[in-house]
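Below, chains carry the letters A, B, ... as their sequence lines are ordered, and counting in each starts from 1.
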Number of protein chains: 2
Amino acid sequence: MSDVKGAAALRATLVYNLGTLGALASDRFADRVEELGLKPKHAGLLAALDAGPTASQQELATRLGVAPSLIVALADQLQELGAVERVRDPQDRRRQVLNLTPEGRRLLTRCTEAAEATDAELTAGFTEPQRAALTHALRTLGEHHTPN
Amino acid sequence: MSDVKGAAALRATLVYNLGTLGALASDRFADRVEELGLKPKHAGLLAALDAGPTASQQELATRLGVAPSLIVALADQLQELGAVERVRDPQDRRRQVLNLTPEGRRLLTRCTEAAEATDAELTAGFTEPQRAALTHALRTLGEHHTPN
DNA sequence: CAATATCGTTCACAGCTCGAATGATTCAGG
DNA sequence: CCTGAATCATTCGAGCTGTGAACGATATTG
């Protein structure tokens, strides 16, 4: 396209902005849920459990894009917090089904509140149409990349 | 707003989508620049050097939001690739000014091409208005969070 | 009833990033 | 001038994350 790729060529890129802003947003969200004893990945796991009914940990691993061993660690910590309980699947006793407890649901709503607060902080100074456009654009992009 | 925070409440959040999509995009970008011997942070440093004229490494650290010691490591590796040269600032001989070499500029354009390819991959199946809306929304969000 | 595959789990390890300590240089004040 | 404090780049040790290779238990296939 352009012979002399100008200064801001990389910065104008979608992936550049997604990467930097994603890291920034995740850091701020991490600060907020830290007092709950959680990290962003814990929140992601809680959300995944709340979304689908009950999946195997392997499914969860691929859905979250992490190694199965990490699911084990996350589930361990969530179990210590009383947010999750492990139940052997009677149909297949190899499987440990992860169930959200009431405490887990409570924690998830706390996470959602933290996320919404972070959203407000990030989009401070935005007009409402701007905010809507951003949310909508990201949601459509997300829908194109959920492993369904 | 909602009494029983439904399933997709957290997933509908801005910070959730930014975080997951940012990580996804960064991973794909990392795959592409790996063969150049670079990681995303190297590309970020190259872009920062190309943008402003010549900043101190401390400035670069705060601009990229990382520790000064990390700038040293990144600069070391870029120097080994011949992409950057260190020059003592005559005005203040404590400062090591980082200069982009022609090879550095060449690498930067390669990174930009990789980023654009990743963009195309991410937005495959998008209409042109959709792509434009996404780019524009992210750019405005980014402008609100650059430390200027 | 084997042989093989799959599930969750454990464990050792590599990679990334930070923070404190260090030496060199500059600056402020008397 | 000269001395003490501040600032720069750098080195080094340590913490935290996440992965991949084992392993035991269970399921499935022929």
Excluding sequence neighbours, so at least two apart, what forms side-chain contact (heavy atoms from CB on, under 4.5 Å) with A61(A)? P68(A), I71(A)

Which residue pairs satisfy the ring pair (Phe, Tyr, Trp, His ring centres under 6.0 Å) criterion with at least one member in residues 74-133 of chain B, sequence neighbours excluded? H144(A)-F126(B)

Tell me, which pairs form a ring pair (Phe, Tyr, Trp, His ring centres under 6.0 Å) where one or both residues lie in residues 69-101 of chain A, sequence neighbours left out? none

Interface residues of residues 87-94 of chain A with DNA chain D (non-hydrogen, below 4.0 angstrom): D92(A), R93(A), R94(A)

Identify each atom pair where a protein N or O and an N or O of nucleotides 17-20 of chain D are less than 3.5 Å apart, giving names and distance.
unit_1: dT17(D); atom_1: OP1; unit_2: K39(A); atom_2: NZ; d: 2.1
unit_1: dG18(D); atom_1: OP1; unit_2: K41(A); atom_2: NZ; d: 3.4
unit_1: dT19(D); atom_1: OP2; unit_2: A67(A); atom_2: N; d: 2.9
unit_1: dG20(D); atom_1: O6; unit_2: S69(A); atom_2: OG; d: 3.1

For a 4.0 angstrom threshold against heavy atoms of chain B, report the outermost contacting nucleotides of DNA chain C in 5' to 3' order. dC16(C) to dT26(C)

Quick one: side-chain contact (heavy atoms from CB on, under 4.5 Å) partners of A133(B), sequence neighbours excluded? none

Taking only residues at least two apart or on different chains, which pairs with a member in residues 12-25 of chain A satisfy salt bridge (charged side-chain N to carboxylate O under 4.0 Å, His left out)? none

I'd like a table of donor-acceptor pairs (distance under 3.5 Å, sequence neighbours excluded) in which one partner is a side-chain atom from residues 74-85 of chain A, with atom names and distances.
unit_1: D76(A); atom_1: OD1; unit_2: R86(A); atom_2: NH2; d: 2.2
unit_1: Q77(A); atom_1: OE1; unit_2: H42(A); atom_2: NE2; d: 2.6
unit_1: Q79(A); atom_1: OE1; unit_2: R86(A); atom_2: NE; d: 3.1
unit_1: Q79(A); atom_1: OE1; unit_2: R86(A); atom_2: NH2; d: 3.3

Contacts of R32(B) meeting side-chain contact (heavy atoms from CB on, under 4.5 Å) (sequence neighbours excluded), chain-then-number -> A114(B), A117(B), T118(B), E121(B)

Write down the distance between CG (L60(B)) and P (dT10(D)), rounded to a whole number of angstrom. 11 Å

Whole-Å distance separating the CD atom of E59(B) from the P atom of dT7(D): 14 Å

side-chain contact (heavy atoms from CB on, under 4.5 Å) with A25(A): which residues, sequence neighbours excluded? L122(A), V15(B), L18(B)

Using a strict 4.0 Å threshold on nitrogen-to-oxygen distance, state whether R110(B) and E113(B) make a salt bridge. no

Between dA25(D) atom P and R86(A) atom CZ, what is the distance in whole Å? 17 Å

Min side-chain heavy-atom separation V87(A)-Q96(A) under 4.5 Å: no

Answer yes or no: does a side-chain N or O of Q96(B) lie under 4.0 Å from OP1 or OP2 of dC8(D)? no

Have a look at Q57(A) and say if it touches a base, only the backbone sugar-phosphate, or nothing, with a 4.0 Å heavy-atom cut-off. sugar-phosphate

Would you list the pairs meeting salt bridge (charged side-chain N to carboxylate O under 4.0 Å, His left out) in which at least one residue belongs to residues 90-102 of chain B, sequence neighbours left out? D92(B)-R94(B), D92(B)-R95(B)

Separation of atom CZ in R95(B) from atom P in dA6(D), rounded to whole Å: 17 Å

